[in-house]
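Only one structure is covered here, and it is reproduced in the block below.
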Amino acid sequence: MTDLFDQTTINGMTLRNRLVRSATWEGMCEQDGRPTEKLNNWYRDLAQGGTGLIISGYTYVRPEGQQMPCKMAIYTDDFARDFESLTSAVHDAGGKIAVQLVHAGGQADAKAIGRQPLAPSAVQVDQFPVMSAELTKDEIDDLVAAFAEGARRAKAWGFDAVQLHGAHGFLINQFLSPLTNRRTDEYGGDIDNRCRFMLEVYRKVRDTVGPDYPVLIKLNAADNLDGGLEIDDGIYAAKKLADAGIDAIEISTGTAASGKDNPARTKIKTPEKEAYNLEPARKVKAAAGCPVMVVGGFRSYEIAEKAISDDGMDYIAMSRPLIREPGLANRWSKGDRSPATCISCNSCFGPGLEEGGIYCVIEKKEREKAAKRKDADKDN
């Protein structure tokens, strides 16, 4: 019987369990995007905590693809030594790590990049901070090459895999979505054309890293947004990727403009609110057949285990619970199956902007209260 703590293999990459740390933004890099010792320690803690595969924070492949400050970047060979330190920190702790490659497209920070953000079409939509500029065909070719160069660096610098970011309203997802892709050339129109950029990126990356290196993708099955990517087209895109040879697909849904159905939902207080992307992930698995990871609100061991054993998922991906409990995988594997202590408040991201790195605000407050009680007991 399939189990959450099975050892598995993805195209030669052996993982100690089926738990994946899903990518996020940590805010722990230098202003130019190079990783820091603080981030290395963060990933080391995750590896020591037993997570099967760590997927890095979303890492931009070109300077104009940046969204958040102090976000990781992989656009230059100058960062080699810094990245080699990062991957060594994970490997020395017994872990495996993939880098997530992204271009923010129309969601890029215009002030940070010093120009109008680039997107499939020149549009102003809720998920774009400002009006975007339409990519030319030459610029599209340059971006395809930039993703491949990022993958080349990742392999050379010790990452165990790469993951393309095709979700949450970023550039690959922008090409897939009819809301942000209004093009009338071969990159726009029907879903087959809207998949073209995604498939060109994948194939160029695959040609660059070779057949025996894991290439994954995080993919929106749907945007949960009027006029955005719908589930049938999301399934179509997943099947095209599977047919092209993708090694695994992590399924998510939503964008920053999707309201309550955004990628990082709050108030996940009952099992019924967990696993909110499981149904679209099941549909993708049935259609595509390749290994599928599912992210979205997993907090209970029982829900995660059922998704593996009964619902056919290959991997369970989590992010916010591992911000609070980097050792969650070890805790569960040793028999303490109580739910993750994350309360899904999203307060962890505030310190990334204000203090140079995310952390669980609630857990910190509880530790400070416990320390005060301990001091008070000593005084008595």
Side-chain angles (χ1 to χ4, degrees), residues 19-31 33-59 67-72 85-86 89-90 93 95 97 100 256 262-271 273-274 295-301 303-304 316-334 336-380:
L19 288 168
V20 175
R21 185 272 197 164
S22 193
T24 188
W25 165 78
E26 298 99 352
M28 297 180 192
C29 291
E30 302 289 358
Q31 290 295 331
R34 69 179 73 223
T36 63
E37 186 63 25
K38 185 176 183 178
L39 186 62
N40 295 354
N41 292 336
W42 181 269
Y43 289 150
R44 182 185 292 109
D45 287 348
L46 284 168
Q48 290 174 341
T51 302
L53 175 64
I54 299 164
I55 299 176
S56 79
Y58 65 154
T59 302
Q67 184 190 38
M68 299 291 285
C70 300
K71 174 183 174 183
M72 199 153 75
S85 294
L86 184 152
V90 172
I97 186 167
Q100 188 186 75
N262 68 82
R265 302 179 195 178
T266 57
K267 300 179 181 179
I268 305 171
K269 297 179 179 179
T270 63
K273 292 186 177 182
E274 295 186 40
V295 68
F298 286 92
R299 301 291 180 269
S300 304
Y301 170 84
I303 299 294
I316 303 300
M318 296 184 289
S319 182
R320 290 172 292 171
L322 296 174
I323 296 173
R324 179 158 184 171
E325 288 185 273
L328 180 62
N330 281 345
R331 177 162 73 77
W332 279 356
S333 70
K334 292 175 181 177
D336 180 354
R337 304 289 170 77
S338 56
T341 53
C342 174
I343 63 172
S344 311
C345 66
N346 288 348
S347 298
C348 44
F349 299 112
L353 293 169
E354 299 164 5
E355 302 177 36
I358 59 173
Y359 61 79
C360 180
V361 172
I362 305 302
E363 191 267 342
K364 182 181 179 182
K365 288 179 179 178
E366 290 177 354
R367 280 192 286 108
E368 289 173 346
K369 286 181 181 178
K372 287 181 180 178
R373 286 196 299 268
K374 187 175 180 180
D375 290 341
D377 290 340
K378 286 180 180 179
D379 292 339
N380 293 330

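- Residues A329 and L19 approach most closely at CB-CD1, 3.7 Å, considering heavy atoms.
- Of the options C348, S22, P263, a side chain to side chain contact (heavy atoms under 4.5 Å, CB included) to S319 is made by S22 and by none of the others.
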Give the intermediate values and the outcome of side-chain contact (heavy atoms from CB on, under 4.5 Å) for residues R320 and I268. CA-CA 11 Å; R320 290 172 292 171; I268 305 171; 3.8 Å; yes
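- Looking only at side-chain heavy atoms (C-beta outward), R324 and I362 come within less than 4.5 Å of each other.
- A donor-acceptor pair is defined here as one N or O able to donate and one able to accept, closer than 3.5 Å; such a pair exists between the side chain of W332 and the backbone of S338.
- Nearest heavy atoms, L328 versus A340: CD2-CB, 3.9 Å.
- A donor-acceptor pair under 3.5 Å links the side-chain atoms of N330 to the main chain of G49, judged by distance alone.
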Could you walk me through whether W25 and Q67 satisfy the side-chain contact (heavy atoms from CB on, under 4.5 Å) test, starting with their C-alpha distance in whole Å, then the side-chain angles of each, then the deciding distance to 0.1 Å, before giving a yes or no? CA-CA 10 Å; W25 165 78; Q67 184 190 38; over 6 Å; no
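- For the residue pair L353 and M68, the shortest heavy atom distance occurs at CD2-CE, 4.0 Å.
- The distance from atom CD of E26 to atom CH2 of W42, rounded to the nearest 0.5 Å, is 7.5 Å.
- Residue M72 holds its CE atom at 10.0 Å from OG1 of T36, rounded to the nearest 0.5 Å.
- The CG atom of L46 lies 11.5 Å from the CD1 atom of I55; values are rounded to the nearest 0.5 Å.
- The main-chain N or O of V90 is never found under 3.5 Å from a side-chain atom of R44 such that the two would form a donor-acceptor pair.
- Taken from SG in C360 to CG in L322, the straight-line distance is 12.0 Å, to the nearest 0.5 Å.
- When all heavy atoms of K267 and K273 are compared, the closest pair comes out as O-CD, 3.2 Å.
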Checking R265 against S344 for the side-chain contact (heavy atoms from CB on, under 4.5 Å) test, could you report, in this order, the C-alpha distance in whole Å, the side-chain angles of both residues, the deciding distance, and whether it holds? CA-CA 7 Å; R265 302 179 195 178; S344 311; over 6 Å; no
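- The minimum heavy-atom distance linking Q48 with A93 is given by the pair CG-CB, 3.6 Å.
- We find the CD1-CD distance between I323 and E363 to be 12.0 Å, quoted to the nearest 0.5 Å.
- In terms of heavy-atom proximity, R299 sits nearest to E274 at N-OE1, 2.8 Å.
- Between atom CG of residue L39 and atom CZ of residue R34 there is a gap of 13.5 Å, rounded to the nearest 0.5 Å.
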Residues Q31, C70; criterion side-chain contact (heavy atoms from CB on, under 4.5 Å); working and verdict: CA-CA 5 Å; Q31 290 295 331; C70 300; 3.4 Å; yes
